[in-house]
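Report on the following structure.
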Protein chains: 2
Amino acid sequence: MDDLTKLDGVPLYVKIRQSLRENILNGSYKRGEKIPSEEELSAQYGVSRMTLRHSINDLIDEGLLYRRQGVGTFVAHHHLARDHSRLTNFFENSRMDGLQVSEKVLDFRQIPAKYQVAKALNLKEGDPVICIKTLRFIETEPVTVHEAYIPMALFSDLLNMDIESQSQDLWGFYERCGYKVKRGVQRLEARQADEDLADMLSMQVGAPILYKERTLFSEDGTPIEFLYCFNRGDMYSITVSLLR
Amino acid sequence: MDDLTKLDGVPLYVKIRQSLRENILNGSYKRGEKIPSEEELSAQYGVSRMTLRHSINDLIDEGLLYRRQGVGTFVAHHHLARDHSRLTNFFENSRMDGLQVSEKVLDFRQIPAKYQVAKALNLKEGDPVICIKTLRFIETEPVTVHEAYIPMALFSDLLNMDIESQSQDLWGFYERCGYKVKRGVQRLEARQADEDLADMLSMQVGAPILYKERTLFSEDGTPIEFLYCFNRGDMYSITVSLLR
DNA sequence: ATAATATAGACGTCTATACAACCAAGGAGA
DNA sequence: TCTCCTTGGTTGTATAGACGTCTATATTAT
């Protein structure tokens, strides 16, 4: 049943986690039902109980399992869609839905940071930042004005690159520079389109705009991007998952 | 330095986690700097390395620390505000900001579930649900129309209770019924006030509304609440943190 | 019947140890 | 000077075992 032949560099707990995850998703372990005890499973997989617990802990974090001390470990009744629990970006998300997405770069240059940008990026007012302003489309329809600021000090390479090709994969670019996007904080408001926005997004002045401000952080907590985002209210909604 | 006298029922890893957290927050371990090695800390606290790692793992999940294999463990440069990373509710949040909050119950009764409600709560259309509609105020200003649906089957007790006192602490009520709020999924849109909303929220027809749909889940994945929420765009914003 | 108690099974915590993987820095050799 | 390699330090994975705590159930006493 379970090979788990070693020597491939994949940790045991990862393989076991994967095996358990499959059993849950394909229904071998049914929703709400108790799975075998840790003792039993560790014997089944031929690993120590601590290793097995490592796998189960991960699946609990994913929301697939839950424990009741003194009773057992159970499959959750409701599996949250994986995307919801993750920080994803516009292109990833929309392409996942099978939609054609594209963008047009409106502006791209180095400027001194204004107060709000500097504060979010942990810089001083006036420090150099790169500003990338784009208009984003879903299936030829303009839906979002996107205004990103990234610290010059971290990503000066960007200025020497082909922005058209980079701007669609900023996250990849960050990673190639050694900063993995790990966390973010975003704030959302409902606003109304002013003349500029209405013009760019082909909508009426006063129509609803879903406004978003977001800061992205790398694993070590360095702020790597601050973003203003104006989304057409009639074309865009944002889904997020919450933990307690 | 570190007492950790046992016999109080508090696990060692929790005490150590707390001690480390304090050292981080009060600056004994400075941002970006390396903390002592796991070997060193486990000796310092007089516990095994595995126990110490348990504490550190928790703090990494909180975003206070990060590891670099082969190098060490470091204090994150940017500590996300604790509230942001958590699922919190309206009253908790606003009171934390020192604001006076209150609410008026507009409607409270048992009704058959409509399609969307039934689907979110994992019920069949027409199954009985309890509907609680309230108007919420910050400092005498109406800001939110709040329409919650909860499954009759789980919380029939609610009908026999003083709704005025319960509705302000629904989460506490859920918990007393054995369902701890653990996860949530919410979707946000920008909309415009119709006549009803404009009237209730003392705003003009067409003014922006931050619309929110939310489902809450207990630890075992049972959906326990589905919510429509209409927030005055000029008074309300939503902040969430994201993980990757 | 009801209440107190014992028990078995399950998860929760903790230890002591071992080796693997990885990284930084310094030394050896070309 | 430059490259390669060794080495020490640190985190990553894994083990076997012990004991604590909690829950549900069966048993016993009242």
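Just so we're on the same page: letters track the sequence lines, and every chain starts at 1.
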- Return the set of residues passing side chain to side chain donor-acceptor pair (under 3.5 Å) with A:Arg67 (not counting sequence neighbours), or none when no residue passes. A:Glu38, A:Asn57
- Message: Taking the minimum atom-to-atom distance to the side chain of B:Arg49, which one of C:dG12, C:dC14, D:dT13 wins?
- Response: D:dT13
- Task: Could I get the full list of side-chain contact (heavy atoms from CB on, under 4.5 Å) partners for B:Pro112, not counting sequence neighbours?
- Result: none
- Item | Non-neighbouring partners of A:Phe217 that pass ring pair (Phe, Tyr, Trp, His ring centres under 6.0 Å), sequence neighbours left out | B:His78
- Mutual orientation of the aromatic rings belonging to A:Tyr13 and A:His54 [parallel < 30°, tilted 30-60°, perpendicular > 60°]: parallel
- Query: Picking from D:dA14, C:dC14, C:dA10, which would you name as closest to the side chain of B:Met50?
  - Reply: D:dA14
- The side chain to side chain donor-acceptor pair (under 3.5 Å) partners of A:Arg68 (sequence neighbours excluded) come to none
- Task: Output yes when at least one side-chain N/O atom of B:Ser48 is less than 4.0 Å from OP1 or OP2 of C:dT17, else no.
- Result: no
- Message: Restricting to side-chain contact (heavy atoms from CB on, under 4.5 Å), what partner residues turn up for B:Glu125, sequence neighbours left out?
- Response: B:Tyr115
- Any side-chain N or O of A:Arg53 under 4.0 Å from OP1/OP2 of C:dG12? yes
- Message: At less than 4.0 Å, is any side-chain N or O atom of A:Thr51 found next to OP1 or OP2 of D:dT15? Yes or no.
- Response: yes
- Item | Residues which pass side chain to side chain donor-acceptor pair (under 3.5 Å) with A:Asn122, listed by chain and number, not counting sequence neighbours | none
- From the options D:dA16, C:dA10, D:dT13, select the nucleotide whose nearest atom is closest to the side chain of A:Ser37. C:dA10
- Task: Go through residues 65-75 of chain A and report each residue with a non-hydrogen atom lying under 4.0 Å from DNA chain C, sorted by number.
- Result: A:Arg67, A:Arg68, A:Gln69, A:Gly70, A:Val71, A:Gly72, A:Thr73
- Once you build an axis from the first five pairs and another from the last five of the helix from C:dA1-D:dT30 to C:dA30-D:dT1, how far apart in angle are they, to 10 degrees? 10°
- Note on the structure: Contacts of A:Gln18 meeting side chain to side chain donor-acceptor pair (under 3.5 Å) (sequence neighbours excluded), chain-then-number -> A:Arg21, A:Glu22
